[in-house]
2 protein chains.
Amino acid sequence: MKRDRSTTVARAGRGSAALDLICCTAVDRRLAVLTTVGPGARGRGLPWTPLDPRGALDVTVLRWTRKLLGRAPSWMTQLGAFSAGGRHPSGAALTVAYLAVVPVGTEAPDGLTWSPATEPPPLPPGRQWILDAAIAGLRDRMDIAPVAFRMLPATFTLSDLQQVYELLLGRRLHKASFRRALQAAFLVEPTDSWRSEGRGRPAQLYRYAPRKRRGVRRSVRFELLG
Amino acid sequence: MKRDRSTTVARAGRGSAALDLICCTAVDRRLAVLTTVGPGARGRGLPWTPLDPRGALDVTVLRWTRKLLGRAPSWMTQLGAFSAGGRHPSGAALTVAYLAVVPVGTEAPDGLTWSPATEPPPLPPGRQWILDAAIAGLRDRMDIAPVAFRMLPATFTLSDLQQVYELLLGRRLHKASFRRALQAAFLVEPTDSWRSEGRGRPAQLYRYAPRKRRGVRRSVRFELLG
DNA sequence: GACATTGGTAGCGACTAGCTACTAATTGGA
DNA sequence: TCCAATTAGTAGCTAGTCGCTACCAATGTC
């Protein structure tokens, strides 16, 4: 552990910045996050890398993430900058966290594993806070960005989609209302394929194909609390 | 100009980070942003400071902002980290931008001035992009955070509030619908004071006093486009 | 006192969201 | 063979919400 820390400090440096990745997907109908599972590490942590701030941030991060995962994430956004308070494994005082999403069924690369996101294994103190911010960020952005769709493969059933929405929102939704809203939004189009999963009627497969619809000029929402 | 740059580089250092502040308010029913107006500068810019990443980021930023403005901002949030591409006046490669709001009528401190936010004076290339992100961030967050209320003094009329909403949303709202939605949200309470502004019937003054209301479990919103 | 100006509300019609209840298509077992 | 169980998908009712027009209220100006 101590050896690990000193070598990474040598790579990153105290004044430099690091990059934390919070990569989410759905596993067993639970929200899951990609964590390290080093055999010598005390607990689990988030994948990270020293950050060379020259060059465009988003491009740099996307390149590193693609290399780490073996594929590009299906969706990605910056979560924000966090002060590490000297606790980051890189030794960096400042970290920039990125939030990524991959489809269900994506395998964790070597040295990493999927951990339950809502009741995660013990993480270093600063990391837990970032993870909480990430989950809140997912929920905030899912109605302005296609987060749920990006957690699914290219074609999916409407029940699949509803399950992802319920998982992200943390509550059940009504089937008919969900589908009516989806229909009105012109976000998916049916394919010619059907999927039969053992019991029950086969479900039609859809793909994410958003159409430009006219701005509906909705009313002001006062959703704030305190 | 050249002398300025070299001294700031000496303070901040190439590998370090800087902090950009985007401070907004309403001036003449237009969205305004606080910019520098140095007599020797080529154009205007955003206020910034070298960032010491030790210590909690939010606390550090709030302290500096309070000193700069002579008062604490009435609302503040982090906008994100940006790669400066060598163009930041501090010489830093990475900047963290914070978005702040102060009430209408707040005077610009020495060396700074309010500039129109939507059609701003020429800014350095990287800064313009940050400003655009800030305005988009304001609009995104105004229905989950009391941004509009924080742009007003402690007591205000409902017409004042509606004007700020229209300014932030960039479109007109209907008076009756706006007030009905506000009533239903239990966000304001009337005071005993009234304000008469020359012509017309005097308006009752309200204060921002959000009450906890039970979660109304609203439906899923599919507001995404592409 | 008429008029202009601004504040504030009532109520109508169209649309929307949540719900119950139904039909449809498949598997598996009595 | 046929019925129960299971999952997919839809119809239609009801209560609420949203945008709008129209109206009343209170002040200053001429």
Side-chain angles (χ1 to χ4, degrees), chain A residues 28-29 142-143 152-153 155-167 169-207 213-224, chain B residues 28-29 104 143 152-153 155-167 169-207 213-224:
Chain A
D28 285 341
R29 302 195 182 184
M142 65 181 293
D143 49 330
L152 292 169
T155 65
F156 49 85
T157 71
L158 298 189
S159 294
D160 290 342
L161 183 62
Q162 184 175 343
Q163 274 179 24
V164 174
Y165 264 92
E166 291 176 342
L167 173 152
L169 291 170
R171 63 188 169 96
R172 301 299 307 274
L173 299 173
H174 278 269
K175 187 170 54 167
S177 301
F178 179 81
R179 291 177 182 218
R180 187 172 36 200
L182 190 63
Q183 199 84 6
F186 294 101
L187 288 177
V188 296
E189 67 181 20
T191 70
D192 292 339
S193 308
W194 299 72
R195 188 175 65 195
S196 137
E197 286 223 328
R199 300 172 279 289
R201 170 175 168 176
Q204 189 164 18
L205 290 172
Y206 287 76
R207 75 167 60 89
R213 57 218 163 87
R214 70 201 73 173
V216 208
R217 299 272 122 151
R218 307 281 300 74
S219 154
V220 186
R221 309 268 174 204
F222 295 105
E223 305 286 308
L224 34 136
Chain B
D28 285 339
R29 304 196 181 182
V104 292
D143 50 332
L152 292 170
T155 66
F156 48 85
T157 71
L158 298 189
S159 294
D160 290 342
L161 182 64
Q162 183 175 344
Q163 274 179 24
V164 174
Y165 264 92
E166 291 176 342
L167 172 151
L169 291 170
R171 61 188 171 98
R172 301 297 309 274
L173 299 172
H174 279 269
K175 187 170 56 166
S177 302
F178 179 81
R179 292 177 182 216
R180 188 172 37 200
L182 189 63
Q183 199 84 6
F186 293 101
L187 289 177
V188 295
E189 67 182 20
T191 70
D192 292 339
S193 307
W194 300 71
R195 189 175 64 195
S196 137
E197 286 224 327
R199 304 173 277 290
R201 171 173 166 177
Q204 189 163 20
L205 289 171
Y206 287 75
R207 73 166 60 88
R213 57 217 163 88
R214 68 201 69 179
V216 206
R217 299 273 123 148
R218 302 220 70 338
S219 154
V220 187
R221 309 266 174 206
F222 295 106
E223 306 286 308
L224 33 135

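Lettering of chains follows the sequences in order, A, B, ..., and the numbering in each one begins at 1. In this text the structure is predicted, and so the values were computed from the model without any measurement.
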Distance in angstrom units between [X] [atom1] and [N] [atom2], rounded:
| X | N | atom1 | atom2 | value |
| --- | --- | --- | --- | --- |
| B/R195 | C/dT5 | CZ | P | 19 Å |
| A/H174 | D/dA8 | NE2 | P | 16 Å |
| A/K175 | C/dT23 | NZ | P | 14 Å |
| B/L182 | C/dG8 | CG | P | 12 Å |
| A/F178 | D/dA8 | CZ | C1' | 14 Å |
| A/R179 | D/dG12 | CZ | P | 18 Å |
| A/L173 | D/dG9 | CG | P | 16 Å |
| B/Q183 | D/dG16 | CD | P | 17 Å |

- Helical bend (five base pairs per end, nearest 10°) for the helix from C/dG1-D/dC30 to C/dA30-D/dT1: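 The two end axes of the helix from C/dG1-D/dC30 to C/dA30-D/dT1 meet at 20°.
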- Message: Just to be sure I understand the geometry, which residues of residues 197-206 of chain A put a non-hydrogen atom under 4.0 Å away from DNA chain D?
- Response: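 Residues of residues 197-206 of chain A that come under 4.0 Å of DNA chain D are, in numerical order, A/R199, A/G200, A/R201, A/P202, A/A203, A/Q204.
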To the nearest 0.5 Å, what is the distance between [atom1] ([X]) and [atom2] ([Y])?
| X | Y | atom1 | atom2 | result |
| --- | --- | --- | --- | --- |
| B/Y165 | B/L182 | OH | CG | 7.5 Å |
| A/L173 | A/Q163 | CG | CD | 11.0 Å |
| B/T155 | B/Q204 | OG1 | CD | 11.0 Å |

- Side chain to side chain, B/L205 and B/P190, heavy atoms closer than 4.5 Å: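 No. Closest side-chain heavy atoms not under 4.5 Å.
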- Do B/F156 and B/V188 come within less than 4.5 Å of each other through their side chains, counting heavy atoms only?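 Side-chain contact under 4.5 Å: yes.
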- Query: Side-chain N or O of A/S196 less than 4.0 angstrom from OP1 or OP2 on C/dT26?
  - Reply: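 Result: no.
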- Query: Are A/S159 and D/dA8 close enough that a side-chain N or O sits under 4.0 Å from OP1 or OP2?
  - Reply: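 It does, given that an N or O in the side chain of A/S159 lies less than 4.0 Å from OP1 or OP2 of D/dA8.
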- How would you list, by chain and number, every residue that makes a side chain to side chain donor-acceptor pair (under 3.5 Å) with A/R207, sequence neighbours excluded?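 Here the qualifying residues are A/E189.
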- Item | side chain to side chain donor-acceptor pair (under 3.5 Å) partners for B/E166, two or more places apart |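 Listed in chain order: B/Q162, B/R172.
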- Output the single nucleotide from C/dG8, D/dA8, C/dA17 whose closest atom is nearest the side chain of B/R221.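 Closest of the options to the side chain of B/R221: C/dA17.
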Donor-acceptor pairs are to be reported for all side-chain atoms of residues 194-201 of chain B against protein atoms at under 3.5 Å, with residues two or more places apart or in another chain.
residue	atom	partner	partner atom	Å
B/R195	NH2	B/D160	OD1	3.2
B/R195	NH2	B/D160	OD2	2.6

- Task: Could you say whether A/W194 or A/R180 is positioned toward the 5' end of DNA chain D, judged by the nucleotide with the nearest heavy atom to each?
- Result: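 With A/W194 and A/R180 compared, the 5'-side residue is A/W194.
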- Would you please name every residue forming a ring-ring contact (aromatic ring centres under 6.0 Å, His included) with A/Y206, sequence neighbours left out?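 ring-ring contact (aromatic ring centres under 6.0 Å, His included) check on A/Y206 returns nothing, list empty.
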